[in-house]
Amino acid sequence: MILDRSYGLELQPSAPFHFDGTFHKPSHFPSGDIAWQPGTLWTTRRIANDLLGLKLENTGTVDSPCVRLTIFASHSLSAGEMAAVGDEVASDYDLYADLSSFDDLLGRDELMRPVLGRWRGMRTMGGPLYESLVICVVLQNATVRRSVQMLDNLFRAYGDLLHFDGQALYGFWPPQALDAAPEEALRALKVGYRAKSLKRISGQFARGECDDSALRCLPNDELKRALLKIYGVGPATVWYLMFEVFHRNDAFDHISPWEQKIYSRLLFDQELVPAEQVLTEVERRWGRWKMLAAHYLFEDLFWRRTHAPVPWLEELIRL
DNA sequence: CATCAGGGCCCTG
DNA sequence: CAGGGCCCTGAT
């Protein structure tokens, strides 16, 4: 599908804002709907029944931020539709967050001061709930390479390849597509038992039983309860969604074993510290900002790794 | 060649 | 609340 019309829009994130820290997460696995180079992000969005290409460019600085959003479409867009896309982008990347007390807190923390120096203004990278759920499901009980393969297979079978601005990126399928697909067809894409979760999740979205914007208004405990009701969502997935998708910056009550090892190194300079102790420590240090602070530390480590391998970390990343 | 665990979760007892 | 089963894949 060729998206040959483009529409420009300016977004003004709250200051400070870190463009590359927000729009590229080296700890995430690469997916066919995103491309990044310093200062520019390309991605896609399915909004209602529209497939759109998005380009975000850094046209400001950390302390005087400005982002140019270009929307690519196959047909003309109204001013209202453009504004809706702008709002969704701002919400997905938490562009209007007030991080002033977070910055104060990190600035007083010996360990975090240099990290803050590198990433001041970084936000979390969320996305539509349905698409995030699909990512979570392919992450479950799988190594990185397999997750990449499963998502790629799904994109090739059910996604739409969108051509815009010299890029070719996949747009997600509508939930109805997987709802209607036979489970066997999904299993043929090597997703295994996850086929059942994908179908049931897609069914819930197709019938309108899940609503991103309604969920966004809920307090933490109710949101968590609502998410756990979705089939295939357990402790690991709910943790990911609470933080990355719903920007609950204190959502740190679960650690997977490999992350436990990473935080053991970063916080205690030890190979393995009990999970409980890690959770107590992040609460003590960062309180209501504990997950966002941990995210800064985590992404900082993965950025360092892109410049030079971190030997102890390489062993923990199972490809 | 076989066995096993991996960035979980559901279901059963 | 504990533990078995689940798909596939690469490591051993």
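Within every chain, numbering begins at 1; the chains are lettered A, B, ... in the order of the sequence lines, protein sequences first and strands thereafter. Just the heavy atoms: all of them, side chains too, but no hydrogens, waters or symmetry mates, feed the values below.
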Indicate every side-chain donor-acceptor pair of residues 128-145 of chain A with a distance under 3.5 Å to a residue at least two apart or in another chain.
unit_1	atom_1	unit_2	atom_2	d
A:Tyr130	OH	A:Trp173	NE1	2.8
A:Tyr130	OH	A:Ser202	OG	2.7
A:Ser132	OG	A:Pro128	O	2.9
A:Gln140	NE2	A:Gly232	O	3.0
A:Gln140	NE2	A:Thr237	OG1	3.1

Please tabulate, for the side chains in residues 99-108 of chain A, all donor-acceptor contacts under 3.5 angstrom to protein atoms that are two or more places apart in sequence or on a different chain.
unit_1	atom_1	unit_2	atom_2	d
A:Ser100	OG	A:Asp98	OD1	2.7
A:Ser101	OG	A:Arg288	NH2	3.0
A:Ser101	OG	A:Trp289	NE1	3.2

Shortest side-chain distance from A:Arg146, nucleotide among B:dC9, C:dC7, B:dC11: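 Comparing B:dC9, C:dC7, B:dC11 against the side chain of A:Arg146, the answer is C:dC7.
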
Report the nucleotide, chosen from C:dT9, B:dC10, B:dG7, that has the shortest atom-to-atom distance to any side-chain atom of A:Lys190.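 Selected nucleotide: C:dT9.
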
Under 4.0 angstrom between [X] side-chain N/O and [N] OP1 or OP2:
X	N	answer
A:Gln149	C:dT9	yes
A:Arg187	C:dC7	yes
A:Thr237	B:dC9	yes

Rounded to whole angstrom, note down the C1' distance from B:dC1 over to C:dA11.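 My reading of the C1' atoms in B:dC1 and C:dA11 gives 14 Å.
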
Measuring only the P atom in each nucleotide, how far is C:dG3 from B:dA5? A whole number of Å is fine.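 The same atom, P, in both gives a distance of 15 Å.
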
When Watson-Crick pairs (N1 to N3 and N6-O4 or O6-N4) and G-U wobble pairs (N1-O2 and O6-N3) count only below 3.5 Å on both distances, what is the dot-bracket string of DNA chain B, with | for other-strand pairs? .|||||.||||||

What is the nucleic acid contact for [X], judged by heavy atoms within less than 4.0 Å: base, sugar-phosphate only, or nothing?
X	result
A:Arg145	sugar-phosphate
A:Pro257	nothing
A:Glu259	nothing
A:Val144	base
A:Tyr240	nothing

Is it the case that more than 12 heavy atoms not belonging to A:Glu271 sit under 6.0 Å from its CD atom?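 Check fails, neighbour count at 12 or below.
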
